[in-house]
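Working notes, structure below.
For ligands, and for the atoms within them, numbers begin at 1 and follow the listed sequence. Keep in mind that the numbers below use all heavy atoms, side chains included, and drop hydrogens, waters and symmetry copies.
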Amino acid sequence: NDLMAIHPYNPLEDPYGLYPHSLRNIDELCASIVRSHRETSQYRVEELQALRWKLFSREEIQAYQNKSVDDMWQHCAIRLTDAVQFVVEFAKHIPGFRMLSQNDQIALLKTGELTFTHDQKCLNSIFYLTFHLFSGSMEVVLVRMSRFFNTENNTVFFDGKFAGAEIFKSLACGDLITAVFDFAHGMCALKLTEQQIALFSALVLINADRPCLEDRSRVQRAQKSVELGLMHILHRDNQENLMHKLYQRMAVLRSLCSLHMEKLRWFSQRYPLTAHSLFPPLYKELFS
Ligand code: MHQ
């Protein structure tokens, strides 16, 4: 176990009073979360660093800006769904997550109950369902975005090159884009290690406060162990003060996700046909 090897556990400073049994488990849990993160993170940080010189040209930016609202939405939705699929894969390899019922796994991946009218649900039922899952892993996608972000010029790696916020202009949701970029900026400022990002992502996902959980106490136990794992890693890195900041980030994530859902609702009302034809294939993709 590489975590144990690099940082031998010293029983004289047992921070949680759990030695010898549980701490071994926590180490194992951390190791598998870190492994799962590494295997599903698409790009390594060094690879992304090396790609930083790749920026969109003026003409390319213009081409994105000249897209129609629904074209650009469709384009971004496909990219986001792709990212969500990697998050679902990440979740599946977290030990505590695998042990939950199928229902609770899905409840954790989606974000929360949406306030849809009965008519909206009937009219657009497939979209309504997709919407749920989609927004669920969105928080983790946003955490992961900080790895794909360059704070020097405020750009994100999107579609093979680094892009500034202006590239998303035709989505017509500047406030969301600004908030998402600000969030990425704030996350980068914390200078988290890959292991810290992995544990934080798992904690964002395994949240016992989510609605619609069947076995809340089991999710609570899973959450507690991931929390211990994160504290353990922060303690080991001598960065316990980060815990408080990470909880603050989680609150910001919640508000970002509700803003995102608001935009999706707006979009599905304005472009019901695109929403309808676009989301069912994505839905199948996520569940197949
Ligand atoms: C990932 C890789 C990745 C892929 C896609 C309102 C709306 C429909 C979208 C990236 C918001 C627009 C996303 C594509 C924008 C904020 C979205 C569109 C890490 C995250 C990352 C880089 C996504 C970040 C958020 C992007 C840019 O594993």
- Task: Looking only at protein heavy atoms, identify the closest one to atom 3 (C) of ligand 1 and say how far it is in Å.
- Result: Ala83 CB, 4.1 Å
- Report yes or no: is the cationic atom of Arg38 (NZ for Lys, CZ for Arg) under 6.0 Å from the centre of the six-membered ring of Phe90, at an angle within 45° of the ring normal? no
- Select one of side chain, backbone, both or neither to describe which atoms of Ile177 lie under 4.0 Å from any atom of ligand 1, heavy atoms only. side chain
- Query: Hey, would you say the Tyr64 and Phe56 ring centroids sit under 6.0 Å apart?
  - Reply: yes
- Message: What protein heavy atom lies closest to atom 21 (C) of ligand 1? Include the residue and the distance to one decimal.
- Response: Val141 CG1, 4.7 Å
- Query: In ligand 1, which numbered atoms sit nearer than 4.0 Å to a non-hydrogen atom of Gln42?
  - Reply: 1 (C), 2 (C), 28 (O)
- Message: I need the atoms of ligand 1 closer than 4.0 Å to a non-hydrogen atom of Phe157, numbered in the order shown.
- Response: 22 (C)
- the protein heavy atom lying closest to atom 25 (C) of ligand 1 turns out to be Met145 SD, 3.9 Å
- Message: Would you say NZ of Lys169 has more than 12 non-hydrogen atoms from neighbouring residues, nucleotides or ligands within 6.0 angstrom?
- Response: no
- Message: Under 4.0 Å between a side-chain nitrogen and a carboxylate oxygen: does that hold for Glu194 and Arg44?
- Response: no
- For Phe158, is the nearest heavy atom under 4.0 Å from an atom of ligand 1? yes
- Item | Over all atoms of both residues, closest heavy-atom pair of Leu199 and Gly229 | CD1-C, 3.8 Å
- At under 4.0 Å between heavy atoms, which part of Phe86 makes contact with ligand 1: side chain, backbone, both or neither? neither
- Would you call Glu227 and Lys224 a salt bridge, using N to O less than 4.0 angstrom? yes
- Message: Testing the 3.5 Å rule here: is there a donor-acceptor pair between the side chains of Thr40 and Arg35?
- Response: no
- Message: Show the atoms of ligand 1 that are less than 4.0 angstrom away from any heavy atom in Leu176.
- Response: 6 (C)
- Query: Are Phe148 and Phe158 near enough that their ring centres are under 6.0 Å apart?
  - Reply: no
- Item | Top protein contact for atom 27 (C) of ligand 1, by heavy-atom distance | Phe168 CZ, 3.6 Å
- May I ask whether Lys263 has any heavy atom positioned less than 4.0 angstrom from an atom of ligand 1? no
- Ranked by distance from atom 26 (C) of ligand 1, the top protein heavy atom is Leu80 CD2, 4.5 Å
